[in-house]
Amino acid sequence: MQRNSTVQTPVSADALHHLSVIGMLPPIELTVVIPTFNERQNVPILIEKLEHALAGIEWEAIYVDDHSPDGTSDVVREIARTNRRVRSIERIGRRGLASACIEGMMASPAPYIAVMDADLQHDETVLPDMLRKIEAEKLDVVIASRRVAGGSMGEFAKERVKLSDMGTKMSRIVCRCDVSDAMSGFFIVEANFFRALVPHLTASGFKILVDLLASSPTIPRAGEVPYRFRNRELGESKLDVNVQLEYLFLIVDKLIGKWVPTRFVLFTLVGALGFLVHLAVLAPLYLNHRRHFPQAQAIATFVAMTFNFMLNNVVTFRDRKLRGKRLVTGLLKFYAACSLGAVVNVTFADMLIHQNLPWYLAGAAGTGISSVWNYGVNTVLTWRRSRK
């Protein structure tokens, strides 16, 4: 019995162009990716502003929303029903500006992709200038900069300006090109350049531009266009301590992430701080004769372990942060895991001593093994990813 077989052939670029002409669908020149969380008030305002700013340009806006409680995605979908330029991606169980930007950018068919905030603080009127510059000069990325002539930080508070200045200085450690405002969240990137970098991105935190510039294997061809940063009028700012921690995580990852997991480095640094806490508790208890050494050592160990757990919960494992009852059970698991780690430390170091290894090397090796043990066990048991 003969079966009919069909041979699938790839669709050529000319054929796709012919289909777009038949369907009266002009090719998209620019996609504007807009990550959101609780920005429903600003959605219709920004779309209207984009309509005016990008007149004469074939564009689309992709909103990527992290399941906002205020119903931001519902507003976007309602507008998208009658406005073919607007699309919505709603993410469930995932958070983060950088990863949201990447998902939206990967969904774009356009040769050029812009990223901007939804809070109306980025000046959409400079988008045409940015698009012309990246096309005319064949650049990889064009940044809307607050730090070149004609640009401004607006009415930023002095503390925010200082943080931004410090972040810009830190970005120069890892970025592969000299730009004035790597901290900008407003830029246009050439699509092929972006897609080539995706496998190398850290994809965490709030500074996707630094991630892009630091991940390029070659020096990016970058340009800048000045703009004035606006004040937020509606909604609430998302800037908090987590934003700063995420940025630090990104910088560390770009510096040493190829060789050592960044989370392990943070875990080790927290452990080093815990050791100082241990000594700070042990010294007054023992030296002032308030406790015998075993008692003082036990109290200091308990305090240091508690300190390590709390700090790891808000820094190292901030994306899996334990709360409520899980905080208590997590602390007990941490005590158990680190106690076993101490046994591993002593046992391994003692074995090396009997192999005639110098005491300081044996001690360092034991500490290294217990650190890996503590990190591995606590990652799997204490801060395991929640199925929810």
Side-chain angles (χ1 to χ4, degrees), residues 28 30-55 57 59-110 113-127 144 146 154-157 160 183-188 203-209 227-244 246 318-319 321 323 386 388:
I28 296 173
L30 176 68
T31 294
V32 183
V33 174
I34 308 164
T36 58
F37 186 74
N38 288 345
E39 296 286 357
R40 65 173 292 141
Q41 295 172 292
N42 290 318
V43 170
I45 301 173
L46 180 55
I47 291 175
E48 184 178 354
K49 287 179 175 291
L50 289 173
E51 292 277 7
H52 290 295
L54 299 175
I57 298 172
W59 63 278
E60 67 170 355
I62 300 178
Y63 278 83
V64 186
D65 183 65
D66 286 354
H67 195 48
S68 297
D70 74 345
T72 298
S73 288
D74 295 331
V75 175
V76 176
R77 281 190 287 266
E78 185 62 29
I79 295 172
R81 289 180 62 195
T82 56
N83 189 338
R84 295 294 186 266
R85 293 190 187 279
V86 179
R87 288 200 279 154
S88 172
I89 298 175
E90 184 174 8
R91 308 197 306 168
I92 308 296
R94 302 193 303 285
R95 288 283 180 89
L97 185 142
S99 60
C101 289
I102 291 169
E103 288 193 36
M105 295 165 82
M106 290 299 290
S108 166
I113 307 168
V115 170
M116 68 184 301
D117 290 346
D119 56 15
L120 309 180
Q121 292 184 287
H122 291 159
D123 184 1
E124 72 289 336
T125 63
V126 303
L127 280 169
R146 301 159 293 183
E155 298 178 10
F156 248 3
R160 292 279 297 273
M183 297 287 286
S184 176
F186 188 17
F187 60 91
I188 289 181
S204 68
F206 293 78
K207 296 302 174 184
I208 179 66
L209 179 59
Y227 90 103
R228 181 180 176 81
F229 195 76
R230 297 169 177 160
N231 293 330
R232 174 186 274 273
E233 296 182 5
L234 301 171
E236 296 180 356
S237 172
K238 311 301 187 300
L239 181 64
D240 58 14
V241 175
N242 283 331
V243 174
Q244 299 165 40
E246 289 287 356
R318 64 206 173 284
D319 56 328
K321 189 175 180 180
R323 296 178 174 86
S386 171
K388 178 180 177 182

- With Y63 as partner, the option from L46, V33, V32 fulfilling side-chain contact (heavy atoms from CB on, under 4.5 Å) is L46
- Go through R91 and V64 one step at a time and tell me if the side-chain contact (heavy atoms from CB on, under 4.5 Å) criterion holds. CA-CA 7 Å; R91 308 197 306 168; V64 186; 3.9 Å; yes
- Note on the structure: Taken to the nearest 0.5 Å, the spacing of C101 SG from M106 CE works out to 13.5 Å
- At their closest point, which heavy atom of A100 faces which heavy atom of D66, and how far apart are they? CB-OD1, 4.3 Å
- Can you name the closest pair of heavy atoms from D70 and T72 and give their distance? OD1-OG1, 2.7 Å
- Note on the structure: Scanning both residues in full, the closest heavy-atom pair of R87 with A107 reads NH2-O, 3.0 Å
- Grab the two heavy atoms, one from S68 and one from N38, that are nearest each other, plus how far apart they are. OG-N, 2.7 Å
- Task: Search all heavy atoms of W59 against all heavy atoms of I47 and return the closest pair with its distance.
- Result: CH2-O, 4.5 Å
- Message: I need the minimum non-hydrogen distance between A53 and E124, along with the two atoms involved.
- Response: CB-O, 3.6 Å
- Item | Exceeds 12 heavy-atom contacts within 6.0 angstrom, atom CD of E48 | no
- Checking side-chain contact (heavy atoms from CB on, under 4.5 Å) for the pair L127/L50: CA distance, chi angles, key distance, verdict? CA-CA 9 Å; L127 280 169; L50 289 173; 3.7 Å; yes
- Rounded to the nearest 0.5 Å, what separation is found between the CD1 atom of I188 and the CD1 atom of I113? 10.5 Å
- Under 30°, 30 to 60°, or over 60°: which ring-plane class applies to F186 and H122, parallel, tilted or perpendicular? parallel
- Interatomic spacing from CD in E39 to CD in Q41 - rounded to 0.5 Å: 8.5 Å
- Which value, rounded to the nearest 0.5 Å, describes the distance between E90 atom CD and D74 atom CG? 7.0 Å
- With rounding to the nearest 0.5 Å, note down the distance linking CZ in R146 to OG in S184. 5.5 Å
- When rounded to the nearest 0.5 angstrom, what is the spacing between CG in D65 and CZ in R40? 11.0 Å
- Message: Could you walk me through whether R85 and L54 satisfy the side-chain contact (heavy atoms from CB on, under 4.5 Å) test, starting with their C-alpha distance in whole Å, then the side-chain angles of each, then the deciding distance to 0.1 Å, before giving a yes or no?
- Response: CA-CA 11 Å; R85 293 190 187 279; L54 299 175; over 6 Å; no
